Trainee: 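Provided herewith is a single structure, encoded as structure tokens, for subsequent inquiry.
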Amino acid sequence: MAHDSSAAPASISIEQHLARVLESVTALPAITVPIAEALHRTLAVDVHATADVPGFDNSAMDGYALRRADAMAATVDSPVTLTVVADLPAGSAENPRLQPGEAARIMTGAPVPDDADCIVPIEDTDEGTATVLIYRAPAEAAFIRPRGTDVQAGDAVLPAGRVLGARDLAAAAASGVSTLAVHPAPRVGVLSTGSELREPGDTLARGQIHDSNSLLLEALITECGGIPVQLGSVPDDDAALRAILDEHAPELDAVITSGGVSVGAYDVVKAVLAPLGVWFGPVRMQPGKPQGFGRFPVGDAGGPLLFALPGNPVSVFVSFETFVRPALLTMTGHSTIQRPTLSATVTTGWRSPAGRAQYMPAVVERDEQGAASVRPASAGGAGSYLVASLASANALAFIPEDVTEVREGDTLTVTLVS
Ligand SMILES: Nc1nc2c(c(=O)[nH]1)N[C@H]1C(S)=C(S)[C@@H](COP(=O)(O)OP(=O)(O)OC[C@H]3O[C@@H](n4cnc5c(N)ncnc54)[C@H](O)[C@@H]3O)O[C@H]1N2
Ligand code: MOO
């Protein structure tokens, strides 16, 4: 179906569009999950130890627990002989009494008997099981790991806001915690539009292309902690687009569409969503100029966030990095939602459009002194169709709206994206 493309809304800056997006986004309400399901989630509530760690004085060595006074005279040439009265593997609940002259064989991690005040490692003994020869005088409290020296019951172990990694999960488990309150992963629908799209690997007829945006978006969503939900690709057909969004929107926190947002005669996304209150307009950036943003209505309430991105693959990537990634990280509870930037010196210049800020897919390299240089990733420059070349970029170089030419030797702000 053809659409009227006459109305031309005023352009807004990148900052204005990002501000509009972030005003609409908050962290998803916390849920409680088993520790094993909390990897990469953001902790919503401080975690405190429920018990001392270690929970009891225990041995740091395989050896013998004994009264230090009994072995102070021990040397290799004149060993001390003790009677072995117990054998304590890790996990033993025993607390054998030790009289002067007695020792307990003990393994790493086993509780130290109350009557012992040091551990002698087996390397300093004859490893005897009925009696044992001690060849070296032990130091005070040698090889005892005292109760509560890691954390004590009630101590803060993990702060709210922490993005949980492997060591955090281990710390929680060791501290007696079994569940964690975390912000859940947003479920994000991915919908490509365009009658020209075919699956990767399909044979193409004239005018057809392989859908790369669906995979790009799925992977980008996963990389920033979301759960991608593939909605497939729809042809340039209003009813098909509306039907698929109506069907899936209730289970989603956000939807990302690609294509169909420009001023062309078949721009189906804009045609379907603008009447529902989704904003469409140009953002002063290249690539990524035509953008749509709002909520897809579900019932009477606002449904999932709706990001309508332009179809060109480099535009999809730059739009995701600039607007969607900060929004998804906010939903997942991250406090740091922007990638760090650095300054780099241009080695090969290029042109940038007047009145639009540019994100140039670029290669940033560091010399031996650590100084960063930047050049375009593709000889084709900023073309938003250069999807295969995009893979060789490790950065986006930012060129402000008022700059039309980037020269060798200029300093630019760059964002590393891989
Ligand atoms: N007269 C004008 N034409 C265009 C303007 C303009 O201001 N005036 N803006 C240009 C810019 S900038 C962009 S960006 C594109 C955006 O167009 P759409 O969002 O409507 O995207 P489509 O036309 O559907 O597709 C653009 C391009 O991308 C390819 N594409 C689409 N989907 C996929 C996919 N899933 N995988 C890979 N490639 C995809 C599509 O085949 C087109 O080549 O509009 C310009 N035009
Ligand atoms: O804005 Mo388009 O995204 O320049 O290619």
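Bear in mind the structure is a predicted one, so any value in this text is a computation, not a measurement. Both counts, for ligands and for their atoms, begin at 1 and track the order of listing. Start at 1 with the first residue, then count along the sequence.
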Trainee: Give the contacting part of Ser192 toward ligand 1: side chain, backbone, both or neither, where contact means a heavy-atom distance below 4.0 Å.
Mentor: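 The side chain, only.
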Trainee: Compare every heavy atom of Cys118 with every heavy atom of Pro138, then report the nearest pair and how far apart it is.
Mentor: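 So the minimum-distance heavy-atom pair works out to CG-SG, 3.6 Å.
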Trainee: Looking at ligand 1, does any of its N/O atoms fall within less than 3.5 Å of an N/O of Asp211?
Mentor: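 Looking only at distances, the answer is yes, because the N/O contact criterion of under 3.5 Å is met.
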Trainee: Run down the list Leu215, Asn312, Leu217 and name the one with the heavy atom closest to atom 15 (C) of ligand 1.
Mentor: Asn312
Trainee: Residue-level breakdown please: for Ser315 versus ligand 1, do any non-hydrogen atoms fall below 4.0 Å on the side chain, on the backbone, on both, or on neither?
Mentor: side chain
Trainee: Heavy-atom distances under 4.0 Å decide this one: backbone, side chain, both or neither, for Gln286 against ligand 1?
Mentor: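 It is neither; nothing of Gln286 touches ligand 1.
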Trainee: So which bit of Leu197 gets within less than 4.0 Å of ligand 1, heavy atoms only: side chain, backbone, both or neither?
Mentor: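 Only the side chain of Leu197 comes within reach of ligand 1.
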Trainee: To the nearest 0.1 Å, how far is atom 37 (C) of ligand 1 from its closest protein heavy atom, and which atom is that?
Mentor: Ser212 OG, 3.4 Å
Trainee: For ligand 1, note which part of Asp267 has a heavy atom under 4.0 Å away: side chain, backbone, both or neither.
Mentor: side chain
Trainee: So is Gly260 polar-close to ligand 1, meaning N/O to N/O under 3.5 Å?
Mentor: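 Yes, Gly260 has an N/O under 3.5 Å of an N/O on ligand 1.
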Trainee: Which protein non-hydrogen atom lies closest to atom 17 (O) of ligand 1, naming both residue and atom, and how far is it?
Mentor: Ser262 CB, 3.3 Å
Trainee: Quick one: does Leu197's side chain get under 4.5 Å of Asn213's, heavy atoms only?
Mentor: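 A side-chain contact under 4.5 Å is absent here.
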Trainee: Below 4.0 Å, non-hydrogen atoms only: which portion of Pro290 touches ligand 1? Side chain, backbone, both or neither.
Mentor: side chain
Trainee: Please determine whether the number of non-hydrogen atoms from other residues, nucleotides or ligands lying under 6.0 Å from atom CD of Glu199 exceeds 12.
Mentor: no
Trainee: Does ligand 2 have any atom that is closer than 4.0 Å to a heavy atom of Pro290?
Mentor: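 So Pro290 counts as touching ligand 2.
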Trainee: How close does the nearest protein non-hydrogen atom get to atom 1 (N) of ligand 1, and which residue and atom is it?
Mentor: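 The protein heavy atom lying closest is Val263 CG2, 3.7 Å.
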Trainee: Would you say Arg356 touches ligand 2, if touching means a heavy atom closer than 4.0 Å?
Mentor: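 Yes, Arg356 has a heavy atom closer than 4.0 Å to ligand 2.
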Trainee: Which protein non-hydrogen atom lies closest to atom 5 (O) of ligand 2, naming both residue and atom, and how far is it?
Mentor: Ser384 OG, 2.5 Å
Trainee: Checking contacts here: is it the side chain or the backbone of Val387 that comes within 4.0 Å of ligand 1, counting heavy atoms only? Could be both or neither.
Mentor: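 It is neither part, as no heavy atom is under 4.0 Å.
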Trainee: With only distance considered, is Glu196 within less than 3.5 Å of ligand 1 through an N or O on each side?
Mentor: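 Among all N and O atoms of Glu196, at least one is under 3.5 Å from an N or O of ligand 1.
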